[in-house]
Amino acid sequence: MNKFLLFSFSILSAVSFSQIKNKSIEVYTSADSISFRLSKTNSDLKFVEMKQPLETQVCIFVNPDKKFQTFMGIGGAITDASAEVFAKLTPEKQTEFINAYYSKDKGIGYSLIRTNMSSCDFSSDMYDYVKEGDKSLNSFSIAHDKKFKIPLIQKALQSIGKDASFYISPWSPPAFMKDNNSKLQGGKLLPEFQQSWANYYVKYINALQKEGIPVWGLTIQNEPMAKQRWESCIFSAEEERDFLKKYLGPTLAKAGLGSKKIVIWDHNRDLISQRVSTILSDEAANKYVWGIGFHWYENWSGGEMMFDNIGKVNEMYPNKNLLFTEGCVERFNANNYQLWKNGERYGKSMINDFNNGTVGWTDWNVLLDQNGGPNHVGNFCFAPIHGNLETGELIYTPSYYFIGHFSKFISKGAKRISSIASRSQLLTTSFQNPNGKIVTVVMNQSNAKITYNLCIGTSASEVTILPHAIQTLVY
């Protein structure tokens with residue numbers, strides 16, 4: 001870099017830091033100890049000069065000059081279960097629900113929607129879109145979805161507007177296409193049905209788009225290494241690779257659907273590097289892949305969430321997108337509706353996933369009933385919002401507010417910027433929105449109130465965060 005450019009860069013940096021001093025900081029807080037829930041707790045904090053922090057000072061260092069991935073959005077899955085519960089709410093509660101999720105002003109501004117292609121565990125019954133044995137798919141019909149699921153998806157998309165991204169995921173092909181002749185308990189797609197199964201995606205996408213639902217993309221198979229007592233199908237890495245390059249990719253392209261974004265893996269962080277390496281090292285498969293989907297359930301074995309695996313995959317394949325496609329708090333218990341650590345699980349995952357390069361984050365069911373369902377195999381779980389169909393009330397859990405600290409404030413097209421804490425008690429991530437506003441999220445994992453300095457260059461503002469609280473700072 002020549003001296004003139006270096007001088008110009010220094011001046012620009014200095015100007016940006018001086019300008020930050022004149023900005024006020026809005027602080028929004030949710031905390032376990034008091035009733036704050038996405039509450040504006042400060043709006044008049046200012047930056048002052050702070051050239052060299054001391055070791056005794058707790059700091060969050062934000063550097064807008066260091067930019068990373070582009071933010072796509074945050075959302076959740078509209079499953080059969082969510083749609084069935086929604087349909088049983090009063091019109092007033094339905095409006096409240098739509099606003100709570102899909103309005104930036106009245107709610108938390110969801111923009112991503114995932115749905116299940118044919119039945120999953122969070123369906124009241126097992127179903128397919130074709131009749132038994134119909135390899136040619138002549139009987140294909142989405143009449144089942146038109147009763148509950150499609151109307152809710154349409155309402156959500158209408159509320160979101162132009163920023164919406166909607167994608168589909170299959171749990172299992174029809175039983176007759178599988179080697180175990182069942183939609184349940186894993187099993188594999190039989191070779192003679194690979195083309196028929198690829199055609200199934202095309203039929204579903206086209207059927208949805210006829211209903212005015214634009215399909216942004218798809219994942220190839222939900223949890224392809226999980227043999228479940230509910231709908232599931234096993235694909236090894238090689239099998240997923242070959243199905244993609246020989247059948248699904250070419251079939252979508254031939255049908256004029258080549259612009260749909262294809263997401264591989266769609267399972268936990270533990271085996272992600274092996275899956276990704278196997279598929280992306282093959283040029284014929286790689287060309288069809290937009291990104292890599294992942295879930296958070298790898299701690300089933302008793303270990304911790306493996307956030308570093310996401311960062312390592314990002315280093316290996318920086319030109320592919322990372323998308324969180326599913327997570328929820330398992331084992332529903334109504335006594336734990338307001339259990340704060342359930343929300344903290346979301347905050348910790350979202351901060352770490354974004355810091356490791358994730359572009360979008362999709363929760364599991366957006367709505368479940370007072371029993372954590374409906375679910376046709378008894379796999380009851382939590383959602384951020386529950387509808388108690390006995391009382392008619394909507395129950396907002398801590399997870400809703402934790403997710404909202406990101407989704408309400410970070411805009412589509414934002415760039416993640418460097419955000420680093422000087423103490424392990426604090427977790428942080430930051431984004432710069434297209435309008436220039438910076439959004440910094442800070443989470444306090446400790447039992448103590450902490451005062452920290454929000455630092456940008458030689459400017460800082462002193463902020464206090466309550467124990468087990470999450471804050472969003474906008475400036």
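- The backbone N or O of Ile292 lies less than 3.5 Å from no partner atom in the side chain of Tyr317, so there is not a single donor-acceptor pair.
- Checked against a 6.0 Å centroid threshold, the rings of His386 and Tyr337 count as neighbours.
- Of the possible donor and acceptor atoms, one in the side chain of Lys261 sits under 3.5 Å from a partner among the backbone N and O of Ser259.
- Residues satisfying the side chain to side chain contact (heavy atoms under 4.5 Å, CB included) test with Tyr204, not counting sequence neighbours, are Thr115, Met117, Tyr129, Phe140, Ile142, Asp145, Lys149, Ile168, Leu208.
- With values rounded to the nearest 0.5 angstrom, Ile113 atom CD1 is found 10.5 Å from Thr362 atom OG1.
- Between the side chains of Asn336 and Asn342, no donor-acceptor pair of N or O atoms lies under 3.5 Å.
- Not a single donor-acceptor pair under 3.5 Å links the side chain of Lys437 to the backbone N or O of Gln432.
- Under the 3.5 Å distance criterion, with hydrogens and angles disregarded, a donor-acceptor pair is assigned to the side chains of Glu223 and Gln228.
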| request: Would you please test Ser182 and Asn180 for side-chain hydrogen bond (donor to acceptor under 3.5 Å, both in side chains) and show each step? | output: CA-CA 5 Å; Ser182 173; Asn180 66 345; 4.6 Å; no
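- Within the structure, the salt bridge (Lys or Arg N to Asp or Glu O under 4.0 Å) test picks out the following pairs touching residues 198-212 (sequence neighbours left out): Lys146-Glu211.
- When the salt bridge (Lys or Arg N to Asp or Glu O under 4.0 Å) test is applied to Glu298, the partners found at least two apart in sequence or on another chain are Arg269.
- Within the 4.5 Å cutoff, side-chain heavy atoms of Ile205 are placed close to those of Lys260.
- Here the closest non-hydrogen pair linking Val130 and Tyr200 is CG2-CE1, 4.0 Å.
- Asn99 places no side-chain N or O within donor-acceptor distance of the main-chain N or O of Ser103, the cut-off being under 3.5 Å.
- Looking at His376 and Ser124, their side chains never bring a donor and an acceptor atom within 3.5 Å of each other.
- At a threshold of 4.5 Å between non-hydrogen side-chain atoms, the residues Phe97 and Phe86 count as touching.
- Within a 6.0 Å sphere centred on NZ of Lys348, heavy atoms belonging to other residues, nucleotides or ligands number 12 at most.
- A donor-acceptor contact shorter than 3.5 Å links the side chain of Ser141 to the backbone of Ala143.
- Using modelled atom types, one side-chain atom of Ser232 and one backbone atom of Trp230 make a donor-acceptor pair closer than 3.5 Å.
- Of the possible polar contacts, none joining the Asn268 side chain to the Asp270 backbone as a donor-acceptor pair under 3.5 Å is found.
- Scanning for side chain to side chain contact (heavy atoms under 4.5 Å, CB included) contacts around Asp32 gives Trp340, His468, with sequence neighbours left out.
- For the residue pair Asn379 / Asp121, a side-chain donor-acceptor distance below 3.5 Å is found, with atom types taken as modelled.
- Under the rule for a side chain to side chain contact (heavy atoms under 4.5 Å, CB included), the partners of Asn199 that lie at least two apart in sequence or sit in another chain are Leu137, Gln195, Thr251.
- Side chain of Tyr110 to backbone of Ile74: no donor-acceptor contact under 3.5 angstrom is found.
- A side-chain donor-acceptor contact under 3.5 Å links Asp266 and Thr325.
- Sorted by first and then second residue, the salt bridge (Lys or Arg N to Asp or Glu O under 4.0 Å) pairs with a member in residues 224-234 form an empty list; sequence neighbours excluded.
- Listed by first and then second residue, the ring pair (Phe, Tyr, Trp, His ring centres under 6.0 Å) pairs involving residues 169-189 are Trp171-Trp364, Phe176-Phe193 (not counting sequence neighbours).
- Each salt bridge (Lys or Arg N to Asp or Glu O under 4.0 Å) pair with one or both residues in residues 183-193, not counting sequence neighbours, appears once here: Asp128-Lys183, Lys188-Glu239.
- Residues Asn444 and Ser446 bring a donor and an acceptor atom of their side chains to less than 3.5 Å of each other.
- Checked against a 6.0 Å centroid threshold, the rings of Tyr297 and Trp300 do not count as neighbours.
- Residues Asp363 and Tyr346 have side chains that bring a donor and an acceptor to within less than 3.5 angstrom of each other.
- Between Gly187 and Asp179, the closest heavy-atom pair is CA-OD1, 3.4 Å.
- Although no hydrogens or angles enter the test, the distance criterion places a donor-acceptor pair under 3.5 Å between the side chain of Ser407 and the main chain of Ile403.
- Across Lys178 and Ser172, no two heavy atoms sit closer than the pair NZ-OG, 3.0 Å.
- Sorted by first and then second residue, the pairs that involve residues 327-340 and meet salt bridge (Lys or Arg N to Asp or Glu O under 4.0 Å), not counting sequence neighbours, are Glu330-Arg345.
- Of the N and O atoms on the side chains of Ser111 and Asp163, not one donor lies less than 3.5 Å from an acceptor on the other residue.
- Side-chain N/O atoms of Thr79 and Asn365 include a donor and acceptor closer than 3.5 Å.
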| request: Walk me through it: do Asp80 and Ser82 pass the test side-chain hydrogen bond (donor to acceptor under 3.5 Å, both in side chains)? | output: CA-CA 6 Å; Asp80 292 299; Ser82 297; over 6 Å; no
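- What you find for Cys233 and Leu189 is that their closest heavy atoms are SG-N, 3.8 Å.
- Residues that satisfy the salt bridge (Lys or Arg N to Asp or Glu O under 4.0 Å) test with Arg416, not counting sequence neighbours, are absent from this structure.
- For Ala414, the side chain to side chain contact (heavy atoms under 4.5 Å, CB included) criterion is met by Phe71, Ile410, Phe431, Asn433, Pro434, not counting sequence neighbours.
- Thr70 places no side-chain N or O within donor-acceptor distance of the main-chain N or O of Lys415, the cut-off being under 3.5 Å.
- Checked against side-chain hydrogen bond (donor to acceptor under 3.5 Å, both in side chains), Arg241 has no partners two or more places apart in sequence or in another chain.
- With hydrogens and angles left out, the side-chain atoms of Ser169 and Asn222 include no donor and acceptor closer than 3.5 Å.
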